[in-house]
Amino acid sequence: MPGNFKNCIFLRGKAMIWNPEAEANCLYELRKRQAESLVRQVRNVYAHVPFYKKKMDNAGVKPEDIQSLEDIAKLPFTTKHELRDTYPYGLLAVPESHIVEVHTSSGTTGTPVVDAYTRGDIEIWAEVMARTLAMAGAGSGDVIQNAYGYGLFTGGLGVHYGARKLGANVIPISAGNTKRQLMVMKDFGTTILTCTPSYSLFLAEAADEEGIDFRKLKLKAGCLGAEPWSENMRREIEDELNIHAYDIYGLTEIIGPGVSSECEEKNGLHINEDHFYPEIIDPQSGEVLPEGEKGELVFTTLTKEGTPVIRFRTRDITYLFRDKCSCGRTVIKMHRLLGRTDDMLIIRGVNVFPSQIEQVLMRIEETEPHYQIIVDRGKTHLDEIEVLVEVEESFFSDETRALERIREKISEEIKSELGISAHIKLVEPHTIERSMGKAKRVIDKRQI
Ligand code: DLL
C-alpha cells in the first residue's frame, strides 16, 4: 500500500492529519515525551560529541542536571558560527559509517554548516514532511511538482522524501527551467506546487506570457517557504495561481524543511515539537521569553541522531502560541517569521526589516511583486536607502505625472509606516533579476 495511512484522520476521504498521535495529542503526553527525549539527547551528546561536552563543562552543567523540560535553560546556546567551526564532521554523534546522506546550509559565503543524516534521521525527515504536505491537503492521489532545488540544499530532497512517504506522485523537476515547469504542470496535472514564494510568482508571470490560464489547470495548493514573504504576497500568489498558498519553514541545521508548516487555517505554523523543541529568547540577554512574546527562535533537536543540535540560535524572529486550532492539531504554533536578528537593517538609527517595506509595496496596486532594496552611504556618509520596484508597463507609456504620483505614494507610505525616507525608483517589468531559488531582496553596499 503506498503511504502509511493506517493512523491518520480522514476528512471527506482526504488525509488531513498525517499522524494524530504526534500532532493532536494531549499536552501532558507530549510534554512527557519531549522531556524523556531531551534527557536522552543531552546524555547522548555529552557522551559522543566532544564539542558539546566541552561547552557543557565550561558552563558547569552535567547531563544529570537535565531532568525536565524547564532544565533546558541551564544548557548553553549553540550559534551558527560555532557550528561552522565543526566543519565537516565535528558534530557527529554516531560513527561516520552510520551516515547515509549529507546536506549543507545554502549560504554563499564562508564555510557551510553540515547536516549529516542517519537512516533514522531520513525516516524522521520523511515523516515530518509527510505531515507538512498532508497539512496542505496532499494525499496519495496528488501530483507534487517539486521545484525546490535538489542537491546540497535541503528543499528538494526533503519534499521528495515526504511525498514518497505520503504515497503521492512526486515530479522531481528541481528549480529553474520555467517553460518546462509550466509544460509539466499542464501535461501531468500537477495538483501541489512546492517552491519558494518568489519563484511561484515568477511562474505566474511566465504563464501569463505563454497564455496559460491557471484556472484551467489542476493546481490547488502550494507549499512555499525558504525565504521571507508577507500576507499580501500570499494574497497575490493565491490570486495569480488560483491556489491555497501555505507557508512552510525549516533550516538545514535542524533538518531542512519540515520543522513547521501551516494548516488550512493559515494562522501560524504548527511546529513538529515532538522532534524539534522550540524556545523564544531575548536576543540580547538570552533570557527565555513566555509564549506570545516576540524574540529569537531557538531549537533543540530531540530525536536527531547524526548531527544533533542543542539550543541552536536561528536568528529568526517570531513568537510562539498554542491556540485551539480548527484543524484539530494541538502542537504549538509559531507566527510566520517577522524577520531575522541579522537581516535587520539599521537606516540612520531606525530598525527596518525588508519585510516591512514589502508589506508597503504589496499594498500599492500599481506595483508588481518584484522589488529590491539597495542600502548605501551617500556623499554625506549617511545611510541612504533606494527601493527599486517594478510597475505595470502601461504606466511607462502614460504621462510622467502618473509615475511621479506612484513614486510619491510609495515614498509617503514608507515614511509614515517605517519612519524613514527612501528613494523610490520605478522600473519596467522584468528589470529586476529573477531568482530560481531565494530572491535577493537586499543589497547592502555599506562598508560598516
Ligand atoms: O531554507 C529549508 C527550507 C527549504 C525551508 C524549503 C522551507 C522550504 P536554509 O537554506 O538552511 O534552509 O535556510 C534557513 O531560511 O533560518 C529562515 O531565515 C529562512 N526561511 C526558511 N523558511 C522560511 C519561511 C531552508 N517559511 C533559513 N519564511 C531560515 C521565512 C524562511 N523565512
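Numbers for residues simply follow the sequence, beginning at 1. Atoms within a ligand are numbered from 1 in the order they appear, just like the ligands themselves.
- The one candidate from T318, I280, I281 that meets the side-chain contact (heavy atoms from CB on, under 4.5 Å) condition with E296 is I281.
- For the salt bridge (Lys or Arg N to Asp or Glu O under 4.0 Å) criterion with K333, the lone passing option out of E273, E265, E23, E262 is E265.
- Atoms of ligand 1 found under 4.0 Å from any heavy atom of G225, numbered from 1 in the order shown, are 7 (C), 8 (C), 26 (N).
- Each of the following atoms of ligand 1 lies closer than 4.0 Å to a heavy atom of T154: 2 (C).
- Only the side chain of R340 comes within contact range of ligand 1, with a heavy atom under 4.0 Å; no backbone atom does.
- For R315, no heavy-atom contact with ligand 1 is shorter than 4.0 Å.
- Ring centroids of H103 and W125 are separated by less than 6.0 Å, placing the two rings close together.
- When the heavy atoms of L251, D316, I248 are ranked by distance to atom 16 (O) of ligand 1, first place goes to D316.
- Scanning R336, E227, K438 for the heavy atom closest to atom 28 (N) of ligand 1 points to E227.
- Per-residue contacts place G155 under 4.0 angstrom from the following atoms of ligand 1 (heavy atoms of the residue considered): 4 (C), 6 (C).
- Ligand 1 has a nitrogen or oxygen under 3.5 angstrom from a nitrogen or oxygen of D247.
- Stacking of R434 on the aromatic ring of F202 is not recorded, the 6.0 Å distance cut-off and the 45° axial limit not both being met.
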Practice item. Under the salt bridge (charged side-chain N to carboxylate O under 4.0 Å, His left out) rule, what do K304 and D115 come out as? Steps first, then yes or no, please. Key: CA-CA 10 Å; K304 195 176 182 188; D115 193 354; 3.0 Å; yes
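- With rounding to the nearest 0.5 Å, the separation of OG1 in T190 from CG in L219 is 7.0 Å.
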